[in-house]
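Positions are given from 1, in the same order as the sequence printed here.
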Amino acid sequence: MAQNTLKTLTSLPRRLLFRERQLEEAVKLIERRESFVVMGPFGTGKTTLVRMALSRTTVPHVFVECMNCRTYTCIKRRLDPGRLVVLDDYSLVRRTPELAFLVSSLPFKIATVNTGFTAEELGKLRVIEMPPYTKQEIFEILVERVVEANLRVEDREIEKCAEKGRMAGGNVRVALLCLAGYL
């Protein structure tokens, strides 16, 4: 039950609450074929922002999940000439001079990174900031996800999970895990 609930709660939402400005900016940058970085703490919607922005464009892309693909060889194998390269969780890669050169030479890229991460190969790119969510924002996001998923959850349970997300640094992912029964 918890696994199905989590999948339902974490699927791409209809709206990206409290990130409308960032989403609009990302869509415009993608349509203009401009590279950028999405930066923020864990659970602040970086990956969701990129996925939603891509879904609103027709730009061909390659999505590299750096959590599962952390080396030069792995990333190089996934590249497709002429396509936008998304390096999701780029903070997790094993950076080498070879990888840094490869990434810096990509003409059109998006990287999602954690706050405070620096990499020379990304240093000159525009940054879209994703600040931590407040408890009230997390609560409203959870309510919307529960309604979208047609789940029966009491407000006090949503409130408890929103507080866990706030205590985890404004992390919606933690709140969703809580709501699905994992925390």
Side-chain angles (χ1 to χ4, degrees), residues 1-34 36-68 83-90 109-115 126-183:
M1 163 96 174
Q3 191 171 11
N4 288 339
T5 301
L6 182 63
K7 185 174 179 136
T8 301
L9 289 171
T10 58
S11 62
L12 202 61
R14 283 184 301 111
R15 300 183 307 154
L16 189 58
L17 295 176
F18 311 107
R19 301 289 192 252
E20 293 87 354
R21 180 190 55 74
Q22 291 96 325
L23 180 58
E24 184 178 311
E25 181 180 2
V27 169
K28 286 178 183 174
L29 291 169
I30 291 168
E31 287 174 342
R32 291 194 310 242
R33 297 203 169 19
E34 291 183 35
F36 61 95
V37 173
V38 182
M39 181 179 287
F42 289 108
T44 56
K46 298 180 298 291
T47 300
T48 301
L49 173 94
V50 171
R51 288 190 183 281
M52 288 187 82
L54 290 169
S55 76
R56 295 177 183 198
T57 71
T58 58
V59 174
H61 63 277
V62 175
F63 200 95
V64 180
E65 294 178 0
C66 294
M67 177 177 275
N68 302 318
R83 290 181 180 264
L84 161 63
V85 177
V86 178
L87 299 165
D88 188 40
D89 281 331
Y90 187 68
K109 61 191 161 268
I110 299 171
T112 67
V113 300
N114 295 319
T115 300
R126 174 182 251 148
V127 175
I128 296 176
E129 292 281 345
M130 303 290 277
Y133 287 103
T134 66
K135 180 181 176 184
Q136 184 60 39
E137 289 171 338
I138 295 170
F139 180 84
E140 290 181 39
I141 290 166
L142 294 180
V143 167
E144 181 156 297
R145 297 286 181 95
V146 164
V147 169
E148 280 182 16
N150 200 26
L151 299 173
R152 302 185 82 170
V153 181
E154 295 194 25
D155 279 355
R156 73 175 185 272
E157 183 66 21
I158 296 172
E159 182 77 27
K160 179 186 89 172
C161 292
E163 177 61 15
K164 280 190 176 187
R166 183 200 64 78
M167 290 176 59
N171 187 325
V172 168
R173 189 176 305 135
V174 165
L176 289 168
L177 286 168
C178 171
L179 205 55
Y182 282 95
L183 298 176

Measuring from atom [atom1] of [X] to atom [atom2] of [Y], what distance do you get when rounded to the nearest 0.5 angstrom?
X: Leu12; Y: Met52; atom1: CG; atom2: CE; value: 5.0 Å
X: Ile141; Y: Gln136; atom1: CD1; atom2: CD; value: 10.5 Å
X: Leu17; Y: Leu23; atom1: CG; atom2: CG; value: 11.0 Å
X: Asp89; Y: Lys46; atom1: CG; atom2: NZ; value: 6.5 Å
X: Lys28; Y: Glu34; atom1: NZ; atom2: CD; value: 11.5 Å
X: Ile158; Y: Glu144; atom1: CD1; atom2: CD; value: 12.0 Å

Taking every non-hydrogen atom, the tightest pair across [X] and [Y]:
X: Ile138; Y: Asn171; value: CD1-N, 4.1 Å
X: Thr44; Y: Met130; value: O-CE, 3.3 Å
X: Arg33; Y: Pro60; value: NH2-CD, 4.3 Å
X: Ala168; Y: Val174; value: CB-CG2, 3.8 Å
X: Val146; Y: Leu179; value: CG2-CD2, 3.6 Å
X: Arg126; Y: Arg32; value: NH1-NH2, 3.7 Å

Full working for side-chain contact (heavy atoms from CB on, under 4.5 Å) between Tyr90 and Val37: CA-CA 10 Å; Tyr90 187 68; Val37 173; over 6 Å; no
More than 12 heavy atoms from other groups under 6.0 Å of CD on Glu154: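 Atom CD in Glu154 is not crowded, with 12 or fewer foreign heavy atoms closer than 6.0 Å.
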I'd like to check [X] versus [Y] (side-chain heavy atoms, cut-off strictly below 4.5 Å). Are they in contact?
X: Ile128; Y: Leu29; answer: yes
X: Ile30; Y: Ile110; answer: yes
X: Val50; Y: Val38; answer: yes
X: Leu84; Y: Leu54; answer: yes

salt_bridge(Glu24, Arg21) N-O dist < 4.0 Å: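 Between Arg21 and Glu24 there is no salt bridge, as every charged N stays at least 4.0 Å from the carboxylate O atoms.
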Arg156/Glu159 ion pair, N-O < 4.0 Å: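 Salt bridge between Arg156 and Glu159, a charged N being under 4.0 Å from a carboxylate O: no.
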Test: Arg19 cationic atom under 6.0 Å from Tyr133 six-membered ring centre, within 45° of axis: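 Relative to the ring axis of Tyr133, which defines the angle, Arg19 lies inside both limits.
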Face-on cation placement of Arg51 at Phe63 ring, 6.0 Å and 45° thresholds: yes
Polar side-chain atom of Gln22 near backbone of Glu129 as donor-acceptor pair, under 3.5 Å: yes
Criterion side-chain contact (heavy atoms from CB on, under 4.5 Å) on Phe36 and Glu25, from CA distance to verdict: CA-CA 10 Å; Phe36 61 95; Glu25 181 180 2; over 6 Å; no
